[in-house]
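Numbers restart at 1 for each chain; the letters A, B, ... are given by sequence-line order, proteins then strands. Small disclaimer: the values here were computed from a predicted structure and weren't measured.
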There are 2 protein chains.
Amino acid sequence: MATTSKPAQRPRDPLTRDRVLEGAVALADERGISALTMRNLAEVLDRKPMALYHHVANKDEVLDGMVDAVFGEIDLPDDSVGWKTAMRQRAGSARTVLLRHPWALGLMDARTAPGVATLRHLDAVIGCLLDGGFSIEMAGHAVSLIDAYVYGFVLQEVSLPFDTPEETHDAADAVVEQAGDEFPHLAAMAARYVLQPEYNFEDEFHFGLDLILDGLEQMVAAG
Amino acid sequence: MATTSKPAQRPRDPLTRDRVLEGAVALADERGISALTMRNLAEVLDRKPMALYHHVANKDEVLDGMVDAVFGEIDLPDDSVGWKTAMRQRAGSARTVLLRHPWALGLMDARTAPGVATLRHLDAVIGCLLDGGFSIEMAGHAVSLIDAYVYGFVLQEVSLPFDTPEETHDAADAVVEQAGDEFPHLAAMAARYVLQPEYNFEDEFHFGLDLILDGLEQMVAAG
DNA sequence: ACCTGAACACCGTTCAAGT
DNA sequence: ACCTGAACACCGTTCAAGT
């Protein structure tokens with residue numbers, strides 16, 4: 001049997017910056033980023049709004065901290081499995097984490113500076129690639145390429161207007177019916193690919209990731 | 001000599017949905033997405049706030065429309081140059097447009113459904129790839145991969161805390177000084193790569209794009 | 001058809017005050 | 001050191017009304 005109230009709240013020992021950020025992430029996950037107001041956040045933490053300002057400068061600092069907290073959840077690359085496997089695992093972890101906090105990528109353009117979790121992650125990734133035989137330039141190329149792909153893929157995934165295979169099916173159906181004349185290629189793709197029972201958007205993720213990792217491997221092997 | 005006032009405003013003929021969206025894009029470009037309020041937008045359009053609701057249902061519809069308007073600015077693929085060149089040009093156009101409206105990608109996760117400009121663009125891209133010999137499955141893979149890369153790259157680009165090469169240099173300098181001990185690989189990359197005079201973040205874009213297009217070309221050639 | 005005024009239930013944040 | 005009350009200048013949006 002647990003103690004008193006909801007987890008991670010422990011209502012009345014003094015607030016900390018970390019507790020504020022933790023509450024903000026939980027609130028955004030549960031009720032959407034638009035419900036993340038300083039006033040709602042204070043209520044969840046069982047304080048009055050002004051109490052928050054003792055621990056963070058303003059709402060922007062909360063948003064910055066939330067993004068960094070999310071990046072801190074992503075697994076660091078495993079140094080013992082070779083760069084390619086390590087990058088594949090890390091990319092999968094990043095996707096999982098970013099889908100769990102679907103508001104995070106939309107906050108990136110509001111972020112003023114990368115946080116320490118973000119920098120630590122980047123440092124570990126670069127180290128893993130250098131260990132794997134990448135030159136410093138190639139490691140720079142690789143990080144930018146892999147991360148762009150992962151972020152962009154998840155951005156498409158969270159902005160898709162459906163969350164389940166059934167909804168995907170219905171949406172594709174609607175495209176075929178509504179817009180088959182105006183957008184024939186799109187309709188063909190919906191009918192002959194997306195609507196097939198074996199279609200799974202997640203498989204697209206691995207297709208692109210493998211193409212990228214194979215391409216990098218060839219370039220590294222070629223020197 | 002122009003007529004009376006600022007362009008695209010023409011203060012007093014009746015508002016239209018398109019004029020509302022045009023004003024919203026201009027306002028977000030000039031003063032940032034946080035300045036985009038229904039009240040500010042009404043002022044720019046020389047109306048009272050409530051006038052907007054005669055042309056759009058609510059603010060969410062404005063945001064959806066803005067994203068679709070931005071997608072409408074991206075060049076459609078050129079059917080006469082081969083799929084690879086067409087995709088390279090289109091990706092470059094998308095990057096340019098998305099950098100011109102840096103708030104657009106951050107709005108994607110709030111979007112409820114793709115608009116017609118987005119669908120038209122996607123349709124043209126699929127058509128271009130099918131013409132180039134892609135199967136419907138390969139075209140699906142290719143669209144998802146290329147678009148993920150372009151969006152993700154630009155997302156990194158707009159969230160970088162600097163806008164000019166000079167600022168990049170200063171920021172990299174700061175990383176080396178502040179965090180050289182804690183993040184040695186990052187510091188090495190900053191010192192030995194990013195801080196070199198010939199470094200240019202834009203070149204990273206072409207590196208990754210070419211790797212992706214070459215990989216796709218090999219797969220298509222192999223059947 | 002198109003626009004407006006007044007009002008409601010919210011925001012983030014300042015400033016001065018309480019323990 | 002940590003928290004609060006009252007206030008200010010904002011939000012998006014409803015409803016009823018004006019031309």
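- To the nearest angstrom, P of D/dC11 lies 18 Å from CE of A/Met38.
- Paired runs in DNA chain C that reach 3 or more consecutive Watson-Crick or G-U pairs, where each pair keeps both distances under 3.5 Å, cover C:4-8 with D:12-16, C:12-16 with D:4-8.
- The distance between the ring centers of A/Phe153 and A/Phe201 falls below 6.0 angstrom.
- The distance between atom CG of A/Asp60 and atom P of C/dT13, rounded to the nearest whole Å, is 7 Å.
- The pair A/Lys59-A/Asp64 does not meet the salt-bridge criterion, since no charged nitrogen lies less than 4.0 angstrom from a carboxylate oxygen.
- Summarising the geometry, the separation between NZ on B/Lys59 and P on D/dC11 is reported as 9 Å, rounded to the nearest angstrom.
- Rounded to whole Å, atom P of D/dG12 lies 11 Å from atom CD1 of B/Ile33.
- Ionic pairing of A/Arg192 and B/Glu137 is not present here: no N-O contact between side-chain nitrogen and carboxylate oxygen is shorter than 4.0 angstrom.
- The two residues B/Leu52 and B/Met38 make their nearest non-hydrogen contact at CD1-O, 3.2 Å.
- When the salt bridge (Lys or Arg N to Asp or Glu O under 4.0 Å) test is applied to B/Glu167, no partner is found at least two apart in sequence or on another chain.
- Checked for salt-bridge contact, B/Glu43 and B/Lys48 miss the test: no charged N lies under 4.0 Å from a carboxylate O.
- Atom pair B/Glu61:CD and D/dT13:P shows a separation of 11 Å (rounding to whole Å applied).
- Taking the six-membered ring for Trp and the full ring otherwise, A/Phe207 and B/His141 have centroids separated by under 6.0 Å.
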Listed pairs, N/O of protein and of nucleotides 4-10 of chain C, under 3.5 Å:
from	atom 1	to	atom 2	distance (Å)
C/dT4	OP2	B/Lys48	N	2.9

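- Regarding B/Leu41, its CG atom lies at a distance of 9 Å from the P atom of D/dG12, rounded to whole Å.
- Rounded to whole Å, the distance from NE2 on B/His55 to C1' on C/dC3 is 9 Å.
- The two residues B/Leu209 and B/Ala91 make their nearest non-hydrogen contact at CD2-CB, 3.7 Å.
- Distance, B/His54 NE2 to D/dC15 P: 15 Å, rounded to whole Å.
- Salt bridge B/Asp13/B/Arg19: present, at least one basic N to carboxylate O contact under 4.0 Å.
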